[in-house]
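What you are looking at is a predicted structure, and each value in this text was computed from that prediction instead of being measured. Chain naming here is simple, since letters A, B, ... match the order of the sequence lines and numbering starts at 1 in each.
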Amino acid sequence: MAGDALRLHQQRIPTGDRPRRLAEPVLGRQSGNTYNPRLNCRYSVINASGCRRTPYRVRLEAHHHPQLGFPWCNTRSSMPAYHPAQIEPKWQAFWEQRQTFRTPELPHGEKLYVLDMFPYPSGDGLHVGHPEGYTATDIVCRYARMQGKSVLHPMGFDAFGLPAEEHAIRTNTPPRVSTERNIANFCRQLKMLGFSYDWQRQLATTDVAYFRWTQWIFLVLFDTWYDAQAGRGRPIAELPIPPEVAQQGLAAVRLFQDEHRLAYQGEALVNWCPALGTVLANEEVVDGKSERGGHLVERRPLRQWMLRITAYADRLEQDLEQLNWSDSIKKLQSDWIGRSTGAEVDFFIGPTSGFPAWQAQRQVSGFPRRADEDVLRVYTTRPDTLFGATYMVIAPEHPFVERLTTKQQKEAVQQYRAKAAAKSDRERTDLVKEKTGVFTGSYAINPVNGQPVPIWVADYVLISYGTGAIMAVPAHDTRDFEFARQFDLKVIAVVDPGPPRGEGLDREAVLAGESCFAELGTAVNSGPYDGLTTAEFKARITHDLAETGLGREAVNYKLRDWLFSRQRFWGEPFPILHELDEQGQPNGLLRAVDPQDLPVNLPHLDDYQPHGRPEPPLMKAPEAWLYPVIDGQRYLRETNTMPQWAGSCWYYLRFIDPANEACFVDPVKERAWMPVDLYVGGAEHAVLHLLYARFWHKVLYDRGYVSTSEPFRRLVNQGMILGEMEYTGYRTGTGNWVGAQHVGKNADGLLVDKRRGDPVTEESVSADAVVRSSETLVLADDPAIRIDSRAFKMSKSRGNVVNPDQIVHDYGADALRLYEMFMGPLEATKPWSMDGVRGVAKFLDRAWRMIVEERAESLALSTAVRDCEPTSEQNRVIHTAIKDITRDLDHLQFNTAIARMMEFVNFFTKESTRPRVAMESFVLLLAPFAPHIAEELWQSLGHSDTLAYEPWPVFNEELTRSQTIEVPVQVGKKVRAKITVPANATSEQLEAAARTNEKIAAILAGVDIEKVIVVPGRLVNFQVK
RNA sequence: GCGAGAGUGGCGGAAUUGGCAGACGCGCUGGACUUAGGAUCCAGUGCCGCAAGGCGUGCAGGUUCAAAUCCUGUCUCUCGCACCA
């Protein structure tokens, strides 16, 4: 079969037919010339003589050089070692036909579920970053299959999303059309890379049969409330209804239930993006601009669907512990959840004369669940600094602002509020250094000492965190300190830092209120609490506050409830109906679509153009869709759609049972395959997707639909692949080049020549122009100029994007896979290098020629490959290769595994006899990495079936050891000699051998030996006086 | 500012976790193959030095017979977060 393929490319040309040039190309060393004629199948090779030394002749056939732009040909070439373009499609077809990677419904024996983060099928096709993680998981899966495990390795597409929507708006065609086209392209590219997915399980979040179950899970969320006491989600029917609510009738009960569901509607200050015509989640807004497109975002109150993820905050944080994720990702999640403990404290804001009565009243009634009208409630993590609270600040959006503002201050406060509202988040955070605010004119009373404290409005306090109000302790909080400095407010120190421990801490200044100290210390100026340490004080005062009804222990999270609705037309519709009153207006009561009536399909729209109002585009849907009639009753459909995250929250479950029409996943299969054993993807999903998916999973777990509390047991983040290294120098306006050593940034952040102050610009330098001097890279024609080399993110605008199609065309999929794994550690950020690709392509050539007879007319085994016993040295190479590669695979260290294979090939190409068993072991070791060439070689070694399920080679520890080893001998710190000893030499033997070594003996003669350290198998060290 | 990670040849990166620093690959130098080289093969390649030898894992100390690895301090870079009370 392969022979046929090869023969196509072989034609005899008459002996003596001299090669000719068709053109006179001036081919110097073209840097950046990536063209590889060996894989261009438009020329052919013949076997001219059969003599190894005689070069092969190429039949001349002009082909257009894609970069040099003129016809050019090789006049002589070695025979192309192998043709990836022939082999790879052949084996891809083989696997597909035979369904080699079809996964059983249920695992036999040990199971392994390996998941890739499924891609968004963009119109640009696959990026080289995708195959990085996908190759890694593919290697793990192929390796696991050879170890006899049942492997679930699926692929799908996260296909709802804005680009398809934008395309629809541009072209006024349904987004499904472009989405399906993009999916087809992605599939083609993924298959071209030879990944061993079970394609039978392919899914897209946009499939009606898929989002039907996304909607179904939404209904589960809708049907669940969080029982804080039990610490789990329960059916809404089990929600206790307070009697006073029950008395008010059914509608009141339903509203009460709606308030407690995990999916609820709430008036939220949302991020409305006029340019995109939609509301965005906090996570999708970066610096006050939309993450996608960078459009300005404004804050508006709107009624939106929310998911009560905050109810699960504690569990989401605590369960991180049991996961095999990198510490940095865990920490990212943990910070995002942002749990903090402290206390809530009420400051009395009624008339001063009423304070004692209020205090006494509180003593009796205790701390109310909801803050009264006459108090300002604050949250603090440092209740121990309560005595130092010299003023209070409320957020500009705080509901009490108006009440607390006195007549005199009214105008100033109103102006300030208006200004704060107009400010984008970006502006608010940009000027972090400069605090702004305005006095309300009112005072509150500090509950611990009865002192009046002024209440200010300032935008450094956020309405969305804690209670939207703070007690300010300028002596012990840097932000409060800055604010107090700005407005000349009182500073009272209540924490003594103690004797100076490090530099930069002036205890006297702290105690005098001239410096801020935000760490732990000992209490002062705190009445009865003086002398307590911060920790003791915290515990004591929290207890005392609770006793006197003035405060209570409290926990707060940075995490907010998840804004779950979008005003888009390319997303999952909500399976929710609004009840209508007599006038045909929604009456505020909701009805869930009956699960049997799912899916709620997307309606056909005639017109995709946005109207710029924060009203969902699905309001333009046909009447029949918008106003369904059920049981004789007319309803309004919910016209918001779910965010793109929805579909990716549970796709790993659907892969287990993708065709099930009766339920979202069969419980038996779910128990058999879950959890995901290895999940690989980019770090950009460290918080959002991974947090959302865990949240949904926990709800499903609470409701008994899944068997594990966490979905992803092990998570690995692949590093980013940067573009090819670029060289830059600096040039002045007059065109002169300046050495990097003279360039710096001036006060305005501009690049200037530091000597003269002239502005300079960074310019790219062609790699040709760069040469190496002994110390630095320099510009070839001017050794005085240093060049910086740097790699950048791939981007269209920079023009450094590498296209996987091109690499596969030039070097083959195996080379691409191998290169991406060889670049460096999976998790590291690393730059692309075309030369590196050529390097691994060369390795594949060599591996091929190690086994296959390259000179033969048809494919045949190399004559060096024989059925014979390996020599002991060969055995050592074979068995250490197996040992090392196996270990590296277990640790996902693919780069070193490939290095070991290269060593194997380097060794065996020099051997004139290559035992067949060695070659077979090698091919099996290579198979997970470069499966196409491995299958082809396996076939040429005489096997008819795929190697995908061949047992993984085993090594014999005995055979990995060589008989003699070389051991360094040190005198002092220096290695002075190396001795060759039997591998099992004892300490005594080693020392003796070292002493008798000529060189060592000479050095040791006449010196006092203080101590001799011998590490058997490692070294001998003589310590001398 | 806070947090995390990383600094090793000309470059990407190795180093069994304290035991010969620089595996493997790229690049470069020289050679072979009766012209040519972007094929292939061979040799060399951390730096200085003709050599003997010396110096070398950002920098400065420390522990140890022995440090890229452990400790202290410090500098630089990358990535997150960024008024979260």
*Where along nucleotides 14-25 of chain B does protein come under 4.0 Å, by heavy atom, of base (B) or sugar-phosphate alone (S), with - for untouched nucleotides?*
S-B--BB--BBS

*Given the rule that a pair is Watson-Crick or G-U wobble with both distances under 3.5 Å, how would you write RNA chain B in dot-bracket, using | for pairs to a different strand?*
(((((((..(((......[....)))((((((.......))))))(((....)))..(((((..]....))))))))))))....

*Nearest to the side chain of A:L332 - B:C11, B:G80, B:C42?*
B:G80

*Flag for A:S464-A:R560: side-chain donor and acceptor within less than 3.5 Å*: yes

_Taking only side-chain N and O atoms of A:K830, does any of them lie within less than 4.0 angstrom of OP1 or OP2 on B:G12?_
no

_Heavy atoms only, 4.0 Å cut-off, all strands: where does A:K558 land among base, sugar-phosphate and nothing?_
base

*asked:* Once you apply a heavy-atom cut-off of 4.0 Å, does A:T829 come out as touching a base, just sugar-phosphate, or nothing?
replied: sugar-phosphate

*Tell me whether B:U35 sits syn or anti, counting syn as a glycosidic angle within 90° of 0.*
anti

*Could you tell me whether A:F483 and A:Y391 have their ring centroids closer than 6.0 angstrom?*
yes

*Would you indicate what A:K793 reaches in the nucleic acid, counting non-hydrogen atoms under 4.0 angstrom: base, sugar-phosphate, or nothing?*
nothing

*Base, sugar-phosphate, or nothing: which does A:S464 touch, judged by heavy atoms less than 4.0 Å apart?*
nothing

_Tell me every residue that passes salt bridge (Lys or Arg N to Asp or Glu O under 4.0 Å) with A:K830, counting only those two or more places apart in sequence or in another chain._
A:E132

*Taking atom C1' in both B:U17 and B:C79, what distance in whole Å separates the two?*
26 Å

*Rounded to whole angstrom, note down the P distance from B:A6 over to B:G58.*
13 Å

